[in-house]
Amino acid sequence: MAASPQIASQLGRRGRLGLDDVLAALVVDGCVSAEDARQVRMGHRAGRSTVELHPLVVIANAKLPNLRDPGRPLSLEGLTEWLATHAGLPYLKIDPMKINVATVTQVVSHAYAQRHRILPVAATPGEVTFATCEPFDAAWAADLAHMIRRDVRRVVSSPIDINRYLQEFYGVQRSIQLAQDAKGAGDASALLNFEQLVELGKAGEVGADDRHVVHIVDWLLQYAFEQRASDIHLEPRREAGLIRFRIDGIMHKVFELPPPVMTAVTARIKILARMDVAEKRRPQDGRIKTRSAAGREVELRISNMPTAFGEKVVMRIFDPDIVAKDFSQLGFTAEEAEAWRGMVERPHGIVLVTGPTGSGKTTTLYSTLKHLATPEINVCTVEDPIEMVSPEFNQMQVQPAIDLDFAAGVRTLLRQDPDIIMVGEIRDLETAQMAVQASLTGHLVLSTLHTNDAPSAVTRLLDLGVPHYLIQSTLTGVVAQRLVRTLCPHCKEATGQDPHEWAALVHGWDLPLPERVYRPVGCLECRNTGFTGRTGIYEMLRLGQRLRGLISAQLDLGRFGGAALAEGMRPLRISAADQVARGLTTVQEVLTVLPPIDTIEAD
């Protein structure tokens with residue numbers, strides 16, 4: 001869209017934007033009709049409240065049809081981009097994860113930023129970048145450049161984002177400062193207040209004097225939910241404590257806290273998780289149940305451990321809407337979903353899900369159990385720890401301190417008249433033997449193993465010491481899986497597939513080069529990463545009569561893997577190639593998560 005001097009003059013004649021001027025400019029630019037503009041004016045005058053909304057917000061709330069893009073209403077971001085174009089300034093969608101809050105909030109005071117509706121978003125020794133929603137009101141820029149002795153660069157951003165992050169950035173930074181002051185070595189009374197927080201926390205109360213620490217933790221959790229984080233990492237260092245989020249499998253640095261504040265935040269989290277605040281030498285586990293800003297109930301599993309500079313805390317987020325999915329949402333193709341149902345809808349047998357940590361095994365198992373759990377079925381689990389509490393299951397937590405391990409848990413569950421047993425992980429021979437016994441006595445057993453592919457699960461069981469004839473008679477199937485990031489549907493762009501990359505991915509398989517694939521671009525919806533969410537890729541091994549006959553005490557894994565391929569097993573990378581051909585991901589993304597082609601497939 002080209003900037004128009006006439007429209008810029010119309011918008012900028014009063015300095016600050018007025019609703020009438022913006023509507024008139026939109027009509028001249030052909031974005032809205034004169035009648036729609038008149039309706040918005042009349043509605044705004046009739047319903048005017050004491051809170052004066054920015055003109056772009058008023059127009060966006062009206063959801064007017066966009067004459068330049070029929071079928072889509074005028075959005076606030078679209079209007080902000082339009083305004084930036086005619087103001088001759090860059091448009092910026094504020095991404096708080098790319099802003100050094102501690103640095104930018106030191107440039108100007110909260111009161112000054114609020115008065116001029118500006119937000120500092122980047123700062124270097126020579127230049128400071130400010131986001132504004134009033135691009136034609138620039139008088140402050142020259143004055144501020146003189147005061148701070150740095151160049152001032154302006155960009156245009158959404159008024160709602162500016163207002164929101166003004167409150168959050170300065171509010172959180174003030175809380176951090178207050179918490180740091182309260183933990184200062186020279187303030188004995190403040191230290192007493194912090195110790196009182198610990199004691200009150202044990203009693204289920206929170207002291208009013210420590211509201212700044214409460215504010216930091218509340219903000220951190222809500223921010224993680226908004227960013228679709230799966231894990232929150234609080235990592236103490238010598239100079240500062242790091243906060244990092246894992247989003248779609250990738251770690252992102254979010255924030256830095258002064259060490260005393262990190263200590264206070266860690267204590268607050270331990271209180272919420274009902275962990276022993278005084279114990280700092282031993283690892284502990286806990287959980288927190290809270291709600292997102294949208295009102296959804298969210299569970300967090302907390303794990304902390306001692307490090308050189310304090311306690312490291314990892315909070316794994318379990319959103320019920322994400323953990324329990326339909327089979328199609330897991331990334332199963334129709335054939336894979338049918339094969340998976342054929343394994344898990346049997347009255348007895350062992351079904352294993354394999355893959356490294358973070359490959360989605362928990363999501364697959366919980367989603368499957370949700371599918372299987374009916375009022376006529378008794379589903380029992382033994383887990384370490386319980387990943388997500390579910391009302392449909394009877395869940396038992398492993399307690400090593402009292403000799404309640406996986407094997408003892410399965411032994412107990414067998415006396416509980418179960419139909420389906422889920423064992424969190426088969427780690428040793430005793431647990432494997434109990435799983436086999438449960439299968440032999442007519443139960444369906446689901447569990448996980450840590451192997452790179454499906455055939456290796458058989459050798460892993462043999463290595464643990466399970467007799468080959470028991471594996472033959474009980475193992476129904478094995479599914480190996482990985483998670484790959486999926487392309488953002490809003491911005492992905494069609495492109496051609498490099499034949500060399502495709503050949504490397506489908507080596508040994510006759511899969512035609514797709515006519516069209518997609519590449520990541522980056523937009524507002526995906527925070528300019530080009531990807532949003534993840535999907536599963538699967539390697540499904542169903543043990544038929546021929547494969548069972550190959551299982552022996554001296555199993556030849558190469559021959560067994562070759563036979564599995566001949567029986568219809570498709571390797572992980574071929575499942576991934578299907579996802580690439582369907583336009584869901586890219587070859588480069590797949591190759592970052594898959595192991596190299598090994599001898600099992602080469603044989």
### Query
Would you say the side chain of Trp140 lies within less than 4.5 Å of the side chain of Arg117, judging by non-hydrogen atoms?
no

#### Entry: Arg287/Ile386 under side-chain contact (heavy atoms from CB on, under 4.5 Å): CA gap, chis, key distance, verdict
CA-CA 10 Å; Arg287 61 178 66 245; Ile386 294 173; 3.6 Å; yes

### Query
Are the side chain of Ser367 and the backbone of Thr364 linked by a donor-acceptor contact shorter than 3.5 Å?
no

### Query
Got Pro96 and Phe169 here, is their nearest side-chain heavy-atom distance under 4.5 Å?
yes

### Task
Considering only NZ, NE, NH1 and NH2 on the basic side and carboxylate oxygens on the acidic side, decide whether Arg164 and Glu226 come within less than 4.0 Å.
yes

## Note on the structure
Closest non-hydrogen atoms of Ser158 and Thr80, given as atom of the first, atom of the second and distance, are N-CG2, 3.6 Å

### Query
Of the non-hydrogen atoms in Glu256 and Ala240, which two are nearest, and what is the gap between them?
OE1-CB, 3.9 Å

#### Entry: Donor-acceptor under 3.5 Å (Lys492 side chain, Gly583 main chain)
yes

### Task
State the NE2-CZ distance between His371 and Arg341, to the nearest 0.5 angstrom.
5.0 Å

### Query
Under 3.5 Å, is there a donor-acceptor pair between the side chain of Arg301 and the main chain of Phe318?
no

### Close side-chain approach of Ile250 and Phe531, heavy atoms under 4.5 Å
no

### Task
Measure across Ala84 and Tyr91 and return the closest heavy-atom pair with its distance rounded to 0.1 Å.
CB-CB, 3.8 Å

### Message
Please determine whether side-chain contact (heavy atoms from CB on, under 4.5 Å) holds for the pair Asp36 and Leu26, giving the CA-CA distance in whole Å, both sets of side-chain angles, and the decisive distance to 0.1 Å.
### Response
CA-CA 11 Å; Asp36 283 341; Leu26 285 167; over 6 Å; no

### Query
Would you say the side-chain atoms of Gln579 pair up with the backbone N or O of Thr585, donor to acceptor, closer than 3.5 Å?
no

### Side-chain donor or acceptor of Thr486 paired with backbone N/O of Gly533 under 3.5 Å
yes

### Any side-chain donor near an acceptor of the partner, Trp340 and Thr368, under 3.5 Å
yes

### Message
Quick check: closest heavy atoms across Ile317 and Ala229, and the distance to 0.1 Å?
### Response
CD1-O, 3.4 Å

### Query
What do you reckon, is CD of Glu345 surrounded by more than 12 foreign heavy atoms closer than 6.0 Å?
yes

### Task
Without swapping roles, check the side chain of Asn163 against the backbone of Pro159 for a donor-acceptor pair under 3.5 Å.
no

### Thr362 vs Arg316 side-chain heavy atoms within contact, under 4.5 Å
no

### Message
Less than 3.5 Å apart, any donor N or O on the side chain of Gln173 or His110 sitting next to an acceptor on the other?
### Response
no

### Task
Kindly indicate, with the supporting measurements, whether the criterion side-chain contact (heavy atoms from CB on, under 4.5 Å) is fulfilled by Leu369 and Glu392.
CA-CA 9 Å; Leu369 290 176; Glu392 292 94 341; over 6 Å; no

### Asp578 with Arg570: basic N within carboxylate O range, under 4.0 Å
yes

#### Entry: Atom pair CD (Gln114) and CD1 (Ile162), whose distance is rounded to the nearest 0.5 Å
12.0 Å

#### Entry: Test item: His54 side-chain N/O and Leu56 main-chain N/O as donor-acceptor pair under 3.5 Å
yes

### Message
Can you tell me how far apart CG (Leu19) and CG (Leu53) are? Round to the nearest 0.5 Å.
### Response
10.0 Å

### Message
Check for me whether the distance between the ring centres of His86 and Trp82 falls short of 6.0 Å.
### Response
yes

### Query
Atom CG of Asn100 and atom OG1 of Thr105: how far apart are they, to the nearest 0.5 Å?
8.0 Å

### N/O donor-acceptor pair under 3.5 Å between Glu589 side chain and Arg485 backbone
yes

### Message
So for atom CD, which belongs to Glu35, do other residues, nucleotides or ligands contribute more than 12 heavy atoms lying within a distance under 6.0 Å?
### Response
yes

### Query
How many angstroms lie between CG in Leu505 and CG in Leu511, if you round to the nearest 0.5 Å?
8.5 Å

### Query
Would you say the side-chain atoms of Glu81 pair up with the backbone N or O of Val156, donor to acceptor, closer than 3.5 Å?
no

### Message
According to salt bridge (Lys or Arg N to Asp or Glu O under 4.0 Å), who are the partners of Lys93, at least two apart in sequence or on a separate chain?
### Response
Glu77, Asp161

### Validation row: Val313, Ile302 side chains within 4.5 angstrom (heavy atoms)
yes

### Message
Could you check whether any side-chain N or O of Arg246 sits under 3.5 Å from a backbone N or O of Ser230, counting only pairs where one atom can act as donor and the other as acceptor?
### Response
no

#### Entry: Heavy-atom side-chain contact between Phe245 and Ile232 under 4.5 Å
yes

### Task
Compare every heavy atom of Cys526 with every heavy atom of Thr532, then report the nearest pair and how far apart it is.
CB-CB, 4.4 Å

#### Entry: Student check: side-chain heavy atoms of Tyr538 and Val353 closer than 4.5 Å
no

### Query
Roughly how far, to the nearest 0.5 Å, is NZ of Lys63 from CG of Leu74?
11.5 Å

### Side-chain touch Tyr165/Ser157, heavy atoms, less than 4.5 angstrom
no

### Query
Do Gln227 and Val254 pass the side-chain contact (heavy atoms from CB on, under 4.5 Å) test, and can you show the C-alpha distance, the side-chain angles, and the key distance before you say yes or no?
CA-CA 11 Å; Gln227 298 295 322; Val254 175; over 6 Å; no

### Task
If the plane angle is over 60° it's perpendicular, under 30° parallel, otherwise tilted; pick one for Tyr112 and His116.
tilted

### Summary
Heavy-atom nearest pair, Leu487 first then Arg519, reads CD2-C, 3.8 Å

